[in-house]
Amino acid sequence: MLWSDPENKPPKELRDAQDMMRRAGFVLALAMLVAMFVLGSR
């Protein structure tokens, strides 16, 4: 790799979208956990 090569960074929009998807996945997993707990406690 040469010192003049551009950095291999995704654009800001892509990084923001990835962060949003990660957050959405975390919220979805948490919601599934809560739903299973509520259904299991009945």
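Quick caveat, the model's predicted, so the values are computed rather than measured.
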Practice problem: Scan residues 30-39 for pairs that pass salt bridge (Lys or Arg N to Asp or Glu O under 4.0 Å), counting only residues two or more places apart or in two chains. | Solution: none

Self-check item: CG on L14 to CG on D19, rounded to 0.5 Å
Solution: 10.0 Å

Quiz item: For the atom pair CZ (R15) and NZ (K12), what is the distance rounded to the nearest 0.5 Å?
Solution: 7.0 Å

